[in-house]
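Computed from a predicted model, the values in this text were never measured in an experiment.
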Amino acid sequence: MDVFIEKIVKKQKGMKEYISMAGIILLIPVVSVLLSMIDFFRSILFVVIIFMIYGAWILVSNLNTEFEYIVTNDEIDIDKIINQKRRKRIISVSCKLFDIVAKVNSENYSDDVKSIQKKFITCSSMDSPDLYFATLNYKNERAVIYFEPDERMLKALKVFIPKKIYI
């Protein structure tokens, strides 16, 4: 029997995203005033401002991020979806390569896991109560994936790695 499960998780905006938005928006009037002081730009200032507003809209809308988890049999694919338009593959791996899958707020989340340098943070927030982690060797390097699987995904993964998953 084949397994196919999908889940989309919307990334919550943090202080970093809100500061970026404010900086982008506040930059428009500052640059407009500076350009108005240059004779060359005075005649085309309106067009330049329109382009800056359009560019700011694109930059701000690109801060809308979602993650899609796709479990197909023993394979898990995690994609980053930017502004519901562009998709980028973050990781695609067999769950059989996982060393452990457990909740972040469990005793399995040790200092060894916390010290892993290669991190795939594909969750709504690192403070989420449903946050899980998975450790593995990925491209000859220790890595940890932070994600928020639902109950169906955990049961599907348990079929392939029953001794490595802690629900």
Taking side chain to side chain contact (heavy atoms under 4.5 Å, CB included) as the criterion, tell me which of Ile145, Val104, Ile116 meets it with Phe133.
Val104
Could you check Ile91, Ile70, Ile8 and say which one makes a side chain to side chain contact (heavy atoms under 4.5 Å, CB included) with Asp79?
Ile70
Any donor-acceptor pair under 3.5 Å from [X] side chain to [Y] backbone:
{"X": "Glu148", "Y": "Ser124", "answer": "yes"}
{"X": "Lys119", "Y": "Lys114", "answer": "yes"}
{"X": "Lys164", "Y": "Cys95", "answer": "no"}
{"X": "Arg152", "Y": "Glu6", "answer": "yes"}
{"X": "Ser94", "Y": "Glu75", "answer": "no"}
{"X": "Glu141", "Y": "Tyr138", "answer": "no"}

What is the distance from atom [atom1] of [X] to atom [atom2] of [Y], rounded to the nearest 0.5 Å?
{"X": "Ile25", "Y": "Ile53", "atom1": "CD1", "atom2": "CD1", "answer": "10.5 Å"}
{"X": "Phe98", "Y": "Phe160", "atom1": "CZ", "atom2": "CZ", "answer": "12.5 Å"}
{"X": "Gln12", "Y": "Asp127", "atom1": "CD", "atom2": "CG", "answer": "8.5 Å"}
{"X": "Lys10", "Y": "Ile81", "atom1": "NZ", "atom2": "CD1", "answer": "10.5 Å"}
{"X": "Ile167", "Y": "Ile165", "atom1": "CD1", "atom2": "CD1", "answer": "5.0 Å"}
{"X": "Ile5", "Y": "Asn73", "atom1": "CD1", "atom2": "CG", "answer": "10.0 Å"}

Closest non-hydrogen atom pair, [X] against [Y]:
{"X": "Leu154", "Y": "Pro149", "value": "CD2-CG, 3.6 Å"}
{"X": "Cys123", "Y": "Val9", "value": "C-CG1, 4.2 Å"}
{"X": "Ala134", "Y": "Val101", "value": "CB-CG2, 3.8 Å"}
{"X": "Ile28", "Y": "Ala56", "value": "CD1-CB, 3.6 Å"}
{"X": "Asp130", "Y": "Tyr132", "value": "O-CD1, 3.4 Å"}
{"X": "Ser32", "Y": "Leu45", "value": "O-CD1, 3.9 Å"}

Between Asn137 and Arg142, is the side chain to side chain contact (heavy atoms under 4.5 Å, CB included) condition met? List the steps.
CA-CA 5 Å; Asn137 281 320; Arg142 291 286 296 150; 3.1 Å; yes
Is the number of heavy atoms from other residues, nucleotides or ligands under 6.0 Å of Phe4 CZ greater than 12?
yes
Please determine whether the number of non-hydrogen atoms from other residues, nucleotides or ligands lying under 6.0 Å from atom NZ of Lys7 exceeds 12.
yes
Considering only heavy atoms from C-beta outward, does the side chain of [X] approach that of [Y] to under 4.5 Å?
{"X": "Ser20", "Y": "Leu63", "result": "yes"}
{"X": "Ile121", "Y": "Met126", "result": "yes"}
{"X": "Lys80", "Y": "Thr122", "result": "no"}
{"X": "Lys139", "Y": "Lys118", "result": "no"}

Give a yes or no on whether [X] and [Y] share a hydrophobic cluster (residues Ile, Leu, Val, Met, Phe, Trp, Tyr; joining criterion: side-chain heavy atoms under 4.5 Å apart).
{"X": "Val71", "Y": "Leu131", "value": "no"}
{"X": "Tyr109", "Y": "Ile100", "value": "yes"}
{"X": "Leu27", "Y": "Ile49", "value": "yes"}
{"X": "Ile44", "Y": "Ile38", "value": "yes"}
{"X": "Val93", "Y": "Val3", "value": "yes"}

Criterion side chain to side chain contact (heavy atoms under 4.5 Å, CB included) on Ile76 and Met153, from CA distance to verdict
CA-CA 10 Å; Ile76 184 164; Met153 287 184 174; 5.6 Å; no
Judged by modelled atom types alone, do Lys103 and Asn108 share a side-chain donor-acceptor pair under 3.5 Å?
no
Using the ring of each side chain (for Trp, its six-membered ring), is Tyr69 parallel, tilted or perpendicular to Phe147, with breaks at 30° and 60°?
perpendicular
Side-chain hydrophobic cluster, 4.5 Å single linkage: members besides Val47
Phe51
